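Remember, it's a predicted structure, so these values are computed and weren't measured experimentally. Residues: numbered from 1 along the sequence shown.
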Amino acid sequence: MPAPTSPADLFRHSLRLLLDKDIPAWVALWAEDGVMEFPFAPDGWPRRLEGKEAVAAYMRHYPDHIDLHDFPELRIHQTTDPQTVVVEMRGVGRLVESDAPFDMTYIAVVTVRDGHFTSYRDYWNPLAVQEPGADFLGSSR
């Protein structure tokens with residue numbers, strides 16, 4: 001079954017893939033030249049990933065560190081650009097290493113072209129990576 005092409009439907013589909021821990025299928029939703037940005041990333045964490053391969057490398061070990069259970073409170077807002085949505089959501093689950101609860105609030109600005117993510121600005125709380133087990137990148141902090 002092909003991935004949905006509307007930005008809202010593609011985003012919902014991507015969340016299902018994350019819950020299923022299907023990172024290869026999640027990465028497949030990206031355009032080859034897609035860009036993922038983290039404007040609030042702390043020192044030692046990437047602020048910009050350019051291209052599908054960079055996104056794949058960043059996400060490769062995510063399920064080994066964060067076990068997502070749900071995305072409650074999902075709200076997707078259409079913008080004046082029909083290919084861009086603003087998403088508000090919470091991701092809840094547990095940190096694999098410590099079994100501590102994981103509860104992160106996100107705002108994302110996402111653009112889709114031809115059924116693939118081309119731009120994804122992820123505004124997440126950098127204070128959350130101070131929790132043991134959340135530092136899945138091995139940052140230099």
Looking at [X] and [Y], what are the two nearest heavy atoms and their distance?
X: Trp26; Y: Ser14; answer: CD1-O, 3.3 Å
X: Ala108; Y: Tyr120; answer: CB-CE2, 3.9 Å
X: Glu88; Y: Ile107; answer: CG-CG1, 4.3 Å
X: Tyr123; Y: Pro39; answer: CE2-CG, 3.3 Å
X: Val27; Y: Lys52; answer: O-CE, 3.5 Å
X: Trp124; Y: Pro42; answer: CH2-CD, 3.8 Å

Euclidean distance, [Y] [atom2] relative to [X] [atom1], rounded to 0.5 Å:
X: Leu29; Y: His116; atom1: CG; atom2: NE2; value: 7.0 Å
X: Arg94; Y: His65; atom1: CZ; atom2: NE2; value: 12.5 Å
X: Leu10; Y: Phe117; atom1: CG; atom2: CZ; value: 4.0 Å
X: Gln83; Y: Asp114; atom1: CD; atom2: CG; value: 8.0 Å
X: Arg75; Y: His77; atom1: CZ; atom2: NE2; value: 5.5 Å
X: Leu74; Y: Arg90; atom1: CG; atom2: CZ; value: 12.0 Å

Report whether [X] and [Y] are members of the same hydrophobic cluster (ILVMFWY, side-chain heavy atoms less than 4.5 Å apart, transitive linking).
X: Val109; Y: Met89; result: no
X: Phe71; Y: Leu95; result: yes
X: Tyr106; Y: Val55; result: yes

Residue among Val110, Val86, Val85 satisfying side chain to side chain contact (heavy atoms under 4.5 Å, CB included) with Ile76: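 It is Val85, the one option of Val110, Val86, Val85 that forms the side chain to side chain contact (heavy atoms under 4.5 Å, CB included) with Ile76.
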Worked check of side chain to side chain contact (heavy atoms under 4.5 Å, CB included) between His13 and Leu17: CA-CA 6 Å; His13 178 65; Leu17 293 173; 3.7 Å; yes
Kindly indicate whether the side chain of [X], heavy atoms from C-beta on, has any atom under 4.5 Å from the side chain of [Y].
X: Leu68; Y: Tyr62; value: yes
X: Ile66; Y: Met104; value: no
X: Met59; Y: Trp30; value: no
X: Thr118; Y: Val112; value: no
X: Ile23; Y: Arg60; value: no

Neighbour count above 12 (heavy atom, 6.0 Å) for Asp99 CG: yes
Aromatic centroids of Phe38 and Tyr58 separated by under 6.0 Å: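 That pair passes the under 6.0 Å test.
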Presence of salt bridge, Asp22 and Arg16, under 4.0 angstrom: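 Answer for the salt bridge query: no.
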Judged by atom type as modelled, is there a donor-acceptor pair below 3.5 Å linking the side chain of [X] to the main-chain atoms of [Y]?
X: Arg47; Y: Ala41; result: yes
X: Gln78; Y: Asp81; result: yes
X: Thr84; Y: Thr79; result: no

